[in-house]
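Below, each value reflects all heavy atoms present in this structure, side chains not excepted, and no hydrogens, waters or symmetry copies. Protein chains get the first letters and strands the later ones, always in sequence-line order, with residue 1 at the start of each.
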Number of protein chains: 2
Amino acid sequence: MTLRRQHPIPLYQQLEATLRARIESGQYGTHHRLPSERELALHFGVSRMTVRQALDALAQAGLIYGKVGKGTFISEPKIDQQLAALTGFSEEMHKRGQAATSRVLKAASVSAPKEIATALQIDPKARVFSLVRVRLANGEPLAVENGFLPAHLCPDLLAHDFARESLYDVLRNQYGWRLVRAQQTVEARLATPDELKLLELKPPAPILVMERVTMVEQGFPIEYVRSAYRGDRYKFNALLTPAA
Amino acid sequence: MTLRRQHPIPLYQQLEATLRARIESGQYGTHHRLPSERELALHFGVSRMTVRQALDALAQAGLIYGKVGKGTFISEPKIDQQLAALTGFSEEMHKRGQAATSRVLKAASVSAPKEIATALQIDPKARVFSLVRVRLANGEPLAVENGFLPAHLCPDLLAHDFARESLYDVLRNQYGWRLVRAQQTVEARLATPDELKLLELKPPAPILVMERVTMVEQGFPIEYVRSAYRGDRYKFNALLTPAA
DNA sequence: GGTCAGTAATGGTCTAGACCAATTGGGAGA
DNA sequence: TCTCCCAATTGGTCTAGACCATTACTGACC
């Protein structure tokens, strides 16, 4: 395997991908020692700093760790992928191997309620799109999702059919927003009468309530969403890392 | 502000701390442009690559973002800190400004049950420490915590008094483990009779169940813990980032 | 055999350059 | 006045070195 210069993908990312593939294929065993940085540099014909850029990224991702004087070693594999890592419902269900569909209950442009405006850091009564959907996994209702997006960040959003399309896909690909962070809270409570009906439950039913504020690269919010998941069918999953 | 050479803390970390302090003090406003990398290098008397090491870390943390040809800019501040970022109960409550205490229900060395051994990636029936505590915030019961740790990774663990001491403090400072990752799941269900009594609740009471496997730098698990939080008093908080 | 000093290798840090693509601003020309 | 092109600036990438502390290995000496 050699790297290609004059290629749109930088060398260190090519190297990172190459090493990541080797690691994830199990070619190196757990706690196996990688070739030294100087050997890798020589072998791939790049400078040692470029090798380090690749290794730093892999260490950041938790795949390897280094010890001065000893070498760089493979970490033990993660139990699980980051199922809920900044993905929307559609992507998450796809990763879980389930078919995601939607029933749109509301798709409208409204004036932002006070608490929504606060969460989205916009002026009260600014225009926001309100999107209410029942989310189904394999045809069964799993959650009621209530989302708000500032209208000026995604004009003509409602032209899309969100019974079929993924909201995050549209934000990323149609509007070019880079979603880089989300502040999320999760709590447990009993289902309200509305939720009982929409989710086809009988009382007393535990509900997992998720609130999420999604931020773009520039640091301002682009979406506030509050979802009510069936407690008996859904488990929220996160990979925690040390505080920044 | 100048940086100190011949100092145990590397230059790029000193610079990162300096810039982070400036940003978090609000000295630069939102979307304000930072001095260019070349200007920073000149001003602090270091090379541009060292400046970039500091800026990369800040970008990784979401405090700044760069645009080729334009400059490096301050992101909008995060709404919230990463309350639950790989912290134990004691640290988390401290961040929330509450007093954390414990009532130890069990502290024993046992043979690992099968599912625990699987989660901890150890041999079935290997020795593990079992630690069951009722966790109180400001004197009121908030959660029942059921933890397991492989005995060979922390011998004599039970010599500590976990009614007072923080488990994570002991793991970090007494045993020198670096906790770098945790796989966590959160779900909602109704309280069991035991939980109703320990948490002083009346049925039907929603419970937030958290399961966590904490990993050290080498990638193997050091702790499995299953906690039952009162649904009416606790909200789980996480900062999501893009998948690695 | 066992101990200890010297040496080689390693990851971590740092330098002083370089080229590139994207962006910006100013000036020449219409 | 307006348009278009060129030059300067910027962050992103890359190089070929350097020194350091930690670690492991190798012999020499007791």
Q. Can you check whether A/Phe162's main-chain N or O pairs, donor with acceptor, with A/His160's side chain at less than 3.5 Å?
A. no

Q. When you look at NE2 of A/His94, are more than 12 heavy atoms from neighbouring residues, nucleotides or ligands closer to it than 6.0 Å?
A. no

Q: Return the value, rounded to whole Å, for the distance between atom CZ of B/Phe44 and atom C1' of C/dT13.
A: 18 Å

Q | Length of the CG-C1' vector between A/Leu11 and C/dC19, whole Å | A | 13 Å

(Q) Without decimals, in angstroms, what is the distance between A/Asp56 CG and C/dG12 P? (A) 7 Å

Q. Has the side chain of A/Thr50 got a donor or acceptor atom that lies under 3.5 Å from a matching backbone atom of A/Val46?
A. no

Q | Side chain A/Ser111, main chain A/Lys125, donor-acceptor under 3.5 Å | A | yes

**Q.** Interatomic distance where CD1 belongs to B/Ile9 and C1' belongs to D/dA21 [whole Å]
**A.** 17 Å

Q) Hey, is the side chain of A/Tyr12 poking within less than 4.0 Å of OP1 or OP2 on D/dC14, counting only N and O atoms? A) no

**Q.** Atom-pair distance (CG on A/Leu3; P on D/dT13), nearest Å
**A.** 15 Å

**Q.** Base-contact (B) and sugar-phosphate-only (S) positions in nucleotides 6-11 of chain D, heavy-atom cut-off under 4.0 Å, - elsewhere
**A.** ----BB

Q) What's the verdict on salt bridge (Lys or Arg N to Asp or Glu O under 4.0 Å) for B/Arg212 and B/Glu223, showing C-alpha distance, side-chain angles and the deciding distance? A) CA-CA 8 Å; B/Arg212 176 189 289 195; B/Glu223 178 208 35; 5.4 Å; no

Q. For A/Phe73 and C/dA9, what is the distance between atoms CZ and P respectively, to the nearest whole Å?
A. 17 Å

Q) Rounded to the nearest Å, what distance is computed from the CG atom of residue A/Leu40 to the P atom of nucleotide C/dG11? A) 8 Å

Q) Could you give the CD-to-P distance, from A/Gln53 to C/dC14, as a whole number of Å? A) 16 Å

Q. Quick one: is B/Ser47 getting a side-chain N or O under 4.0 Å of the C/dG17 phosphate, OP1 or OP2?
A. no

Q.
Would you call the rings of A/Phe148 and A/Tyr224 parallel, tilted or perpendicular, taking 30° and 60° as the class edges?
A. tilted

